[in-house]
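Treat the numbers as computed from the prediction; the structure is a model and nothing was measured.
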Amino acid sequence: LKILTDFGPGEVVTIAVVTMTVSGLCICSIVVFGGNRLQLPLWSFVLLVILFCIIFLLSLVLIWLHEQNRSVKSFQVPLVPLVPALSILVNIYLMLQLKYLTWIRFAVWIALGLLIYFGYGIWHSKENLQDPNCQNVVARYVVFPSGSLIETVQAIQPGAQDAMGMAEEVNEDPIKR
């Protein structure tokens with residue numbers, strides 16, 4: 001399509017996936033809450049579901065028109081983009097069926113888990129034990145076919161360390177056979 005040529009690579013798919021997710025959320029919200037909590041008349045209920053279904057399907061068509069990667073990998077999702085789109089709808093529907101108390105428990109456990117993860121990780125990371133002025137750095141340059149140059153910097157791995165971060169003695173006597 002001529003309209004889609006103005007966008008960069010991947011932008012159309014990103015916009016379509018976000019639009020598909022938002023419209024899927026609206027569809028599922030109307031289906032789950034439409035009869036009881038929203039107190040919609042039948043005509044508006046049907047109109048909103050049809051409107052958001054059309055938006056969902058247009059997003060699906062945009063993704064389908066995008067050029068697919070045809071390289072063979074060890075695993076690929078079958079029927080792309082149909083299966084991912086249906087899984088978005090089903091998962092949103094199932095999430096909307098959960099009670100609010102479940103969401104509160106989920107938020108508390110996520111917050112607790114993130115606190116432990118980042119609190120422990122910052123103080124016990126291997127990066128924290130290294131000298132900030134480390135001289136053992138190797139730089140490699142990679143030139144891609146597009147002509148861009150990317151520098152990858154990689155620290156040289158230190159010798160073996162015990163559980164306390166202290167260097168272990170290594171016996172360097174060659175093994176005789």
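With a 4.5 Å cut-off on side-chain heavy atoms, Phe33 and Val31 do not count as touching.
Remark: Ile50 pairs with Val46, Ile54 by the side-chain contact (heavy atoms from CB on, under 4.5 Å) rule, at least two apart or across chains. Here Pro78 pairs with nothing under the side-chain contact (heavy atoms from CB on, under 4.5 Å) rule; sequence neighbours left out. Scanning for ring-ring contact (aromatic ring centres under 6.0 Å, His included) contacts around Phe106 gives Trp103, with sequence neighbours left out.
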Report, one line per pair, each donor and acceptor closer than 3.5 Å where one atom sits in a side chain of residues 89-99; sequence neighbours left out.
unit_1: Asn91; atom_1: ND2; unit_2: Ser87; atom_2: O; d: 2.8
unit_1: Tyr93; atom_1: OH; unit_2: Gln97; atom_2: NE2; d: 3.4

Name the atoms and distances for all side-chain donor-acceptor pairs under 3.5 Å in residues 55-66, with sequence neighbours left out.
unit_1: Ser59; atom_1: OG; unit_2: Ile55; atom_2: O; d: 3.0

Could you pull out all donor-acceptor pairs under 3.5 Å where a side-chain atom in residues 12-29 meets a protein atom, sequence neighbours excluded?
unit_1: Thr14; atom_1: OG1; unit_2: Gly10; atom_2: O; d: 2.8
unit_1: Thr19; atom_1: OG1; unit_2: Ile15; atom_2: O; d: 2.7
unit_1: Thr21; atom_1: OG1; unit_2: Val17; atom_2: O; d: 2.8
unit_1: Ser23; atom_1: OG; unit_2: Thr19; atom_2: O; d: 3.0
unit_1: Ser23; atom_1: OG; unit_2: Met20; atom_2: O; d: 3.0
unit_1: Ser29; atom_1: OG; unit_2: Leu25; atom_2: O; d: 2.7

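Transitive grouping of hydrophobic side chains (ILVMFWY, heavy atoms separated by less than 4.5 Å) brings Val83 and Val80 into a common cluster. Criterion: ILVMFWY side-chain heavy atoms under 4.5 Å apart, direct or through other members. Under it, Trp43 and Leu51 are not part of a common hydrophobic cluster. Under the 4.5 Å side-chain heavy-atom criterion for grouping Ile, Leu, Val, Met, Phe, Trp and Tyr, Trp109 is connected to Ile116 within one hydrophobic cluster.
Taking CG of Leu82 as the reference point, atom CG of Leu86 lies at 4.5 Å (rounded to 0.5 Å).
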